[in-house]
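Presented below is the structure to which this report refers.
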Amino acid sequence: MIIRTSVHQTHFLIPQEDHPQGPESNFRLREQVCVSLIKQCKNLEEFKQAHAQILKFGMFWSSFCANNLVATCALSDWGSMDYASSIFQQINEPGSFAFNHMIRGHVKDMNLEEALLMYDEMLELGVEPDNFTYPTLLKACANLPALEEGMQIHGHSFKLGFEDDVFVQNSLINMYGKCGEIGLSCAVFEKMEQRTVASWSALIAAHANLGLWCECLEIFGEMSREGCWRVEESVLVNVLSACTHLGALDLGRCTQGSLIRNMSGLNVILETTLIDMLAKCGSLDKGLFLFQRMAKKNKMSYSVMISGLAMHGHGREALKVFSEMLEQRLEPDDVVYVGVLIACSHAGLVEEGLQCFERMKSEHGIVPTVQHYGCIVDLLGRAGKLNEAYEFIKNMPMEPNDILWRTLLSACKVHQNVEMGKIAARELFSLNLNNASDYVVMSNMYAQAQMWHEVAKIRKEMVSKGLTQIPGFSLVEVKRKVYKFVSQDKSYPQCQGIYEMIHQMEWQLRFEGYSPDTSQVLLGVDEEERRQRLSSHSQKLAIAFSLIHTSQGSRVRIVKNIRMCSDCHTYTKFISTVYEREIIVRDRNRFHRFKDGSCSCRDYW
DNA sequence: ACGATAGACC
């Protein structure tokens, strides 16, 4: 029980007879005084004084005091790991408590390797790790990320009998998730006998990390069904993010509703995620409303608002928000600038975009990444400045990637410049990515130019390379459920009704002057077959389904994985008049809001 | 003394 050496008790000034319970109680009292001295420190200066006092009174030899010194110095906001290390080194035989806190301090400072080295030292000295050691170590492995070390540490914790510790298990789910090992995350989760909110949260985050959005929502549903419905910010952030990616506005709004009901305030992260969800699910006005009322905006809040406006083609407003950000003295980073440049390119603001690009380099000292170059190629290309775009690529200080050439190629297709298109395609195909949709774009361009011989050549090449196109799909949410439509798919229920509706729609549209644009349909030689394929594009199926299952006058929202074809664009404009519906489509790049026969993109896309 | 969250070129 008495570990302290009796020698140091000679320092005590209080006479022993005043303490009927003996020297042990006296010592305890002094320890308490020291700890409260440490706890009162508000900065490193005060702390150093407390440290000096403790040394002076010989209380450093109390491991209780020494441990407290290390812990406080390592973990306080004002702390210093250098100073904590110097104290730590003075401890005669540090135990797991001191080691744990040193490890935590290093993790807090993001000196993750240092944390792992500390653990090595701990093992070498024969100090036995405890249940508090492993969660911290696993966090270090998660943030590095370091799978090998993580697995080793997993093994160690298992050997020491901590495999049933819920904190260790939660940390393991998190660590495997951050290392991209989703299977291992799930395996740990499955084996758990008791789960806490943190376990669910870590599992959802692991799926979000890999972009497995549907799974995120499924797990969230399961979590709620199991009665684990406590409102947890980190869970909701991932759920909202999943809604953003899937375009599930209703579910997102539903989540927002539960936020409002169950929380007294939203933190910046949650609020930013919510705004992002609203903007990217087609409810830009609501996102903007929340953004304007936000009490504390940071760089990220501005960033999501700028790219949200950009996606809707509101270039001028995006630039306004950007200058507001600068007025607030928030320093833009490279990602913010990507948003700004997209805003310019989608709104056709060529001069402004080029100016922003220069400003980014000169005023904010940001070295452009390949993404920024991509934005400029898009900016020039969309505006029909194809030669400039090509020159721009040639003068880049880095190797252009496939996306750049693809951007140029689609611009060539839009502006029907076959010669430049050939150049872009040559460069793109030389990268040997064997991306079927690249060949399709090229072939469509030839088809538009009526160069049938070339179309056939591309087609042959595709066959010989065994390339098949990833099918385009359209998602539509009806009554909080997301439905997926794939072109020409006839396998889903109610299929009959949808195709009847398609037939009816087309018949009505023709009265208004619509005629199908079959020039870009790659397959099917005869006109009838082409028309068939065109009319069963996934977007049209999704529209038909929505018109059947939603009430008259309500908005239709569709999310696509590819760019909209020009026929679907024209078609949807007609639908918006004939059926008096507002139809909002998020394609791969941006939003199109169809109303009264016209689209918000003003046919610039 | 334990888990933890956001934005990006086609």
Side-chain angles (χ1 to χ4, degrees), chain A residues 67-68 71-72 74-75 96-97 100-101 103-104 107 130-139 142-143 162 165-175 177-178 195-206 208-209 232-241 244 267-277 279-280 298-308 310-311 332-342 345-346 368-379 381 400-411 428 435 437-438 441 561-563 587-590:
Chain A
N67 281 341
N68 252 291
T72 308
L75 299 183
S96 62
F97 184 96
N100 290 347
H101 282 87
I103 294 172
R104 274 188 71 194
V107 173
D130 59 23
N131 55 320
F132 293 110
T133 315
Y134 288 103
T136 319
L137 282 175
L138 290 169
K139 185 176 172 179
N143 291 343
F162 298 123
D165 183 294
V166 74
F167 289 104
V168 173
Q169 290 168 320
N170 290 348
S171 308
L172 282 169
I173 298 172
N174 178 49
M175 184 274 292
K178 290 267 167 65
R195 294 170 184 140
T196 61
V197 196
S199 326
W200 290 98
S201 168
L203 191 70
I204 290 175
N209 186 32
E232 173 99 352
E233 285 177 348
S234 68
V235 172
L236 294 173
V237 165
N238 282 318
V239 168
L240 282 174
S241 188
T244 308
N267 68 18
V268 196
I269 298 177
L270 202 40
E271 209 167 1
T272 302
T273 314
L274 182 58
I275 292 169
D276 193 34
M277 184 278 290
K280 295 218 174 79
N298 64 17
K299 186 168 69 185
M300 293 284 218
S301 330
Y302 278 97
S303 186
V304 300
M305 200 66 253
I306 290 167
S307 52
M311 272 190 93
D333 61 12
D334 53 334
V335 183
V336 173
Y337 262 108
V338 170
V340 171
L341 296 177
I342 299 170
S345 79
H346 286 189
T369 65
V370 70
Q371 296 172 352
H372 297 108
Y373 288 103
C375 294
I376 298 293
V377 172
D378 193 40
L379 179 83
N401 62 8
D402 55 318
I403 297 177
L404 264 95
W405 293 121
R406 197 170 293 134
T407 307
L408 183 62
L409 178 61
S410 359
L428 183 56
N435 192 337
S437 57
D438 294 338
V441 172
N561 65 333
I562 52 172
R563 248 169 119 167
D587 76 3
R588 201 196 169 88
N589 299 331
R590 60 166 297 152

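Here is how names work: the chains are called A, B, and so on, in the same order as the sequence lines, proteins then strands, and each is numbered from 1. All values derive from a computational prediction rather than experimental measurement.
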* Among B:dC10, B:dA1, B:dA6, find the nucleotide with the atom closest to the side chain of A:Thr273. => B:dA6
* Asked: With sugar-phosphate meaning primed atoms plus P, OP1 and OP2, does A:Asn131 contact a base, only sugar-phosphate, or nothing at under 4.0 Å between heavy atoms?
  -> nothing
* To do: In whole angstrom, give the distance that lies between atom CD of A:Gln371 and atom C1' of B:dC9.
  => 6 Å
* To do: Indicate whether the side chain of A:Thr244 and that of A:Ser241 have a donor and an acceptor atom separated by less than 3.5 Å.
  => no
* In whole angstrom, give the distance that lies between atom CG of A:Asp276 and atom C1' of B:dT5. => 14 Å
* To do: Pick base, sugar-phosphate or nothing for A:Tyr373, based on heavy-atom distances below 4.0 Å to the nucleic acid.
  => nothing
* Asked: Whole Å only: how far is the CZ atom of A:Arg104 from the P atom of B:dA4?
  -> 11 Å
* Structure fact -> Here the distance between atom P of B:dA8 and atom NE2 of A:His346, to the nearest Å, is 13 Å
* Among B:dC10, B:dG7, B:dA6, the one nearest A:Val335 by side-chain distance -> B:dG7
* Structure fact -> Those residues at least two apart in sequence (or on a different chain) that pass side-chain hydrogen bond (donor to acceptor under 3.5 Å, both in side chains) with A:Asn68 are none
* Asked: Could you give the CZ-to-C1' distance, from A:Phe162 to B:dA1, as a whole number of Å?
  -> 14 Å
* Asked: So what does A:Leu270 hit on the nucleic acid, given a heavy-atom distance under 4.0 Å: a base, only sugar-phosphate, or nothing?
  -> nothing
* Asked: Rounded to the nearest Å, what distance is computed from the CG atom of residue A:Asn143 to the C1' atom of nucleotide B:dT5?
  -> 13 Å
* Asked: Within the structure shown, what part of the strands sits under 4.0 Å from A:Val370 by heavy-atom distance: base, sugar-phosphate, or nothing?
  -> base
* Asked: What nucleic acid atoms does A:Val336 come within less than 4.0 Å of, heavy atoms only: base, sugar-phosphate, or nothing?
  -> base
* So what does A:Ser201 hit on the nucleic acid, given a heavy-atom distance under 4.0 Å: a base, only sugar-phosphate, or nothing? -> base
* Whole-Å gap separating C1' (B:dA1) and CG (A:Asp130) -> 9 Å
* Give a yes/no answer on whether the side chain of A:Asn174 brings an N or O atom under 4.0 Å of OP1 or OP2 in B:dA4. => yes
* Closest listed nucleotide, where the reference is the side chain of A:Lys139 and the choices are B:dG3, B:dC9, B:dA8 -> B:dG3
* To do: Could you check how far CG of A:Leu409 sits from P of B:dC9, rounded to whole Å?
  => 19 Å
* Check whether any side-chain nitrogen or oxygen of A:Asn589 sits under 4.0 Å from OP1 or OP2 of B:dC10, and answer yes or no. => yes
* Can you figure out which of B:dA4, B:dC10, B:dA1 approaches the side chain of A:Ser234 most closely? => B:dA4
* To do: Give the nucleotide from the list B:dT5, B:dC10, B:dA4 with an atom nearest to the side chain of A:Asn267.
  => B:dT5
* Which one, B:dA1, B:dA6, B:dC10, comes nearest to the side chain of A:Arg406? -> B:dC10
* **Closest to side chain of A:Asn401, choosing from B:dC9, B:dT5, B:dA1** => B:dC9
* Could you please name the option among B:dG3, B:dA1, B:dC10 that lies closest to any side-chain atom of A:Asp378? => B:dC10
* To do: Would you please confirm or rule out a distance under 4.0 Å between OP1 or OP2 of B:dA8 and any side-chain N or O of A:Lys280?
  => yes
* Considering only side-chain heavy atoms of A:Ser410, which listed nucleotide, B:dA6, B:dC10, B:dG3, is closest? -> B:dC10
* Structure fact -> Between the CD1 atom in A:Ile403 and the CG atom in A:Asp378, the distance rounded to the nearest 0.5 Å is 11.0 Å
* **Shortest side-chain distance from A:Val304, nucleotide among B:dA6, B:dT5, B:dG7** => B:dG7
